[in-house]
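Comments concern the structure below.
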Protein chains: 2
Amino acid sequence: MTAGALEQACRERGIRLSTQRRIILEALETAHDHPCAYDVHQRVALRHRKISVATVYRALNGFTQAGLLVRRDFGDGKARYERAQAKRHDHLVDVRSGRVVEFDDAELKVLITRVAAGLGYRLVDYRLELFAEPERDLD
Amino acid sequence: MTAGALEQACRERGIRLSTQRRIILEALETAHDHPCAYDVHQRVALRHRKISVATVYRALNGFTQAGLLVRRDFGDGKARYERAQAKRHDHLVDVRSGRVVEFDDAELKVLITRVAAGLGYRLVDYRLELFAEPERDLD
DNA sequence: TTAGCTGCAAACCCTTTGCTGCGTA
DNA sequence: TACGCAGCAAAGGGTTTGCAGCTAA
């Protein structure tokens with residue numbers, strides 16, 4: 001089990017690593033979804049019985065500030081986290097299964113920038129989430 | 001002071017009208033921004049000293065369910081409300097002033113639908129918020 | 001008359017924070 | 001060794017809910 005890339009990044013940035021933080025980082029490293037703090041706490045608890053929510057929240061915030069993680073908001077009232085990726089991307093939420101699909105469309109980005117400009121603004125950032133159902137029913 | 005359109009809509013839908021609800025409806029009818037429940041309660045309190053937050057929340061939820069209002073989420077952790085409008089639209093948040101500009105771009109809508117289709121999905125709805133700063137500094 | 005609304009306060013959910021003791025660099 | 005981290009529990013924001021009394025239809 002090699003030290004994860006996130007752990008590596010922490011070392012490079014001089015972020016102190018504790019047992020708890022290592023477990024939290026690994027949970028995010030191996031996550032294939034967009035877990036909220038509660039999810040992370042649940043997963044982490046499997047390996048470290050007494051880790052507290054406070055620790056999870058503090059770690060998540062710290063890693064986010066350090067740029068290792070990105071905080072997402074899918075409108076359900078809780079923050080969700082994922083590893084920071086090289087390229088920005090948006091999300092499509094499958095309203096049937098709740099599954100989240102990531103996508104990145106250059107044309108869309110251009111158009112959105114143009115829309116902002118048309119209103120007299122310089123685009124700083126944007127949030128886009130699509131809610132959709134599969135074209136072919138599977139259930 | 002004519003009965004507002006929202007009040008009218010309530011009557012048509014058989015939604016009971018109380019003094020409190022009338023005041024809440026009028027607050028939203030005359031709002032030029034996107035007030036959160038707290039804002040609404042503040043404004044309403046000017047005319048009805050003892051209206052409770054519970055009533056405001058219940059009314060806001062009820063009107064939203066009835067389709068009279070639309071709930072928005074600008075990512076600051078509180079729900080915001082505005083009158084339901086005939087045409088869907090998105091928002092641009094001025095990161096300098098906090099002001100919210102509404103816009104509606106047909107081309108964007110088409111492109112987003114196409115992106116969803118490209119992923120194998122039929123678009124049901126989407127949320128788009130732009131965060132931007134004025135092209136010409138005003139401060 | 002009566003279903004449904006109101007006010008109040010308590011409860012909820014998610015998240016943060018104060019404090020004391022422990023662990024890492 | 002010293003600064004920062006962990007755990008616990010309490011607090012904080014936004015929102016909902018249980019209950020008893022009031023009110024619109």
Side-chain angles (χ1 to χ4, degrees), chain A residues 3 6-28 34-45 47-66 68-81, chain B residues 3 6-28 34-45 47-66 68-81:
Chain A
L6 288 178
E7 206 171 312
Q8 191 63 38
C10 277
R11 234 170 257 122
E12 283 163 14
R13 288 163 218 231
I15 294 177
R16 235 192 227 190
L17 282 172
S18 60
T19 309
Q20 292 85 331
R21 292 195 180 178
R22 253 183 276 265
I23 297 176
I24 292 170
L25 282 177
E26 201 177 318
L28 277 138
H34 299 72
C36 63
Y38 176 84
D39 298 329
V40 174
H41 185 242
Q42 289 277 94
R43 294 174 198 184
V44 145
R47 304 226 252 109
H48 189 301
R49 220 46 72 97
K50 340 189 56 133
I51 196 165
S52 73
V53 269
T55 298
V56 172
Y57 274 104
R58 278 193 275 239
L60 255 17
N61 282 338
F63 297 146
T64 299
Q65 267 184 258
L68 274 61
L69 303 180
V70 174
R71 192 195 314 249
R72 299 284 182 182
D73 165 22
F74 293 158
D76 59 355
K78 31 194 169 179
R80 297 177 170 281
Y81 298 84
Chain B
L6 289 177
E7 207 172 310
Q8 191 63 38
C10 277
R11 233 169 259 122
E12 283 163 13
R13 288 163 218 230
I15 295 176
R16 234 193 229 189
L17 282 172
S18 60
T19 309
Q20 291 86 329
R21 291 193 180 177
R22 254 183 274 265
I23 297 176
I24 292 171
L25 282 177
E26 201 178 316
L28 277 137
H34 300 73
C36 63
Y38 177 83
D39 297 329
V40 174
H41 184 242
Q42 289 276 94
R43 294 174 198 184
V44 144
R47 306 226 251 108
H48 189 301
R49 220 45 71 97
K50 339 189 57 135
I51 196 165
S52 73
V53 269
T55 298
V56 171
Y57 275 105
R58 279 191 277 237
L60 256 17
N61 282 338
F63 296 146
T64 299
Q65 267 183 256
L68 274 61
L69 303 180
V70 174
R71 192 196 313 250
R72 300 286 182 180
D73 164 22
F74 294 157
D76 58 355
K78 31 193 168 181
R80 297 178 171 281
Y81 299 84

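Being a predicted model, the structure only gives us computed values, none of them experimental. Reminder, nothing fancy here: chain letters follow the sequence lines and each chain counts from 1.
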(message) Here's a test of your reading of the structure: between B:L17 and B:Y38, which maps to the more 5' nucleotide of DNA chain D?
(response) B:Y38
(request) Using atom types as modelled and distance alone, determine if a side-chain donor or acceptor of A:R21 lies under 3.5 Å from a backbone N or O of A:R16. (result) yes
(request) Looking only at side-chain atoms of B:S52, point me to the closest of C:dG7, C:dT16, C:dT24. (result) C:dG7
(request) Describe the nucleic acid contact of A:A79 in one word from base, sugar-phosphate, nothing, applying a heavy-atom distance below 4.0 Å. (result) sugar-phosphate
(request) Give the rounded distance in Å between these two atoms: NZ of B:K78 and P of C:dC13. (result) 22 Å
(request) Report yes if a side-chain nitrogen or oxygen of B:N61 is closer than 4.0 Å to either non-bridging phosphate oxygen (OP1 or OP2) of D:dT16; otherwise report no. (result) yes
(request) For A:I15 and D:dC3, give me the distance from atom CD1 to atom P, rounded to whole Å. (result) 20 Å
(request) Check every atom of C:dA25, D:dC5, C:dG7 against the side chain of B:I51 and return the nucleotide holding the closest atom. (result) C:dG7
(message) Output the rounded distance in Å from NZ (B:K50) to C1' (D:dC22).
(response) 14 Å
(request) Give the rounded distance in Å between these two atoms: CZ of A:R72 and P of C:dC14. (result) 21 Å
(request) Might you point out which heavy atoms bring B:D73 and A:G75 nearest each other, and give the distance in Å? (result) OD2-CA, 3.9 Å
(request) Take atom OH of A:Y57 and atom C1' of D:dA9, then tell me their distance rounded to the nearest Å. (result) 15 Å
(message) Could you check whether the side chain of A:R58 and the base of C:dG18 have a donor-acceptor pair of N or O atoms closer than 3.5 Å, going by distance alone?
(response) yes
(message) Please classify the nucleic acid contact of A:H41 as base, sugar-phosphate, or nothing, using heavy-atom distances under 4.0 Å.
(response) nothing
(message) Reading DNA chain D from 5' onward, which residue's closest nucleotide shows up sooner: B:S18 or B:Y81?
(response) B:Y81
(request) Round to the nearest Å and state the distance from B:R22 atom CZ to D:dA25 atom C1'. (result) 11 Å
(request) Let me know the distance between CG of A:L60 and P of D:dC5, rounded to the nearest Å. (result) 15 Å
(message) Using a strict threshold of under 4.0 Å (side-chain N to carboxylate O), is an ion pair present between B:E26 and B:R22?
(response) no
(message) Under 3.5 Å, is there any donor-acceptor pair linking the side chain of A:R16 to the base of D:dC3?
(response) yes
(request) Find out whether B:T19 and B:I51 are in side-chain contact, i.e. whether some heavy atom of one side chain is under 4.5 Å from a heavy atom of the other. (result) no
(message) Once you apply a heavy-atom cut-off of 4.0 Å, does A:R21 come out as touching a base, just sugar-phosphate, or nothing?
(response) sugar-phosphate
(request) Please state how far atom CZ in A:F63 lies from atom P in D:dG4, giving the value in whole angstrom units. (result) 16 Å
(request) Check for a donor-acceptor pair, side chain of B:N61 on one end and backbone N or O of B:R58 on the other, with a separation under 3.5 Å. (result) no
(message) Taking only side-chain N and O atoms of A:Q20, does any of them lie within less than 4.0 angstrom of OP1 or OP2 on D:dG7?
(response) yes
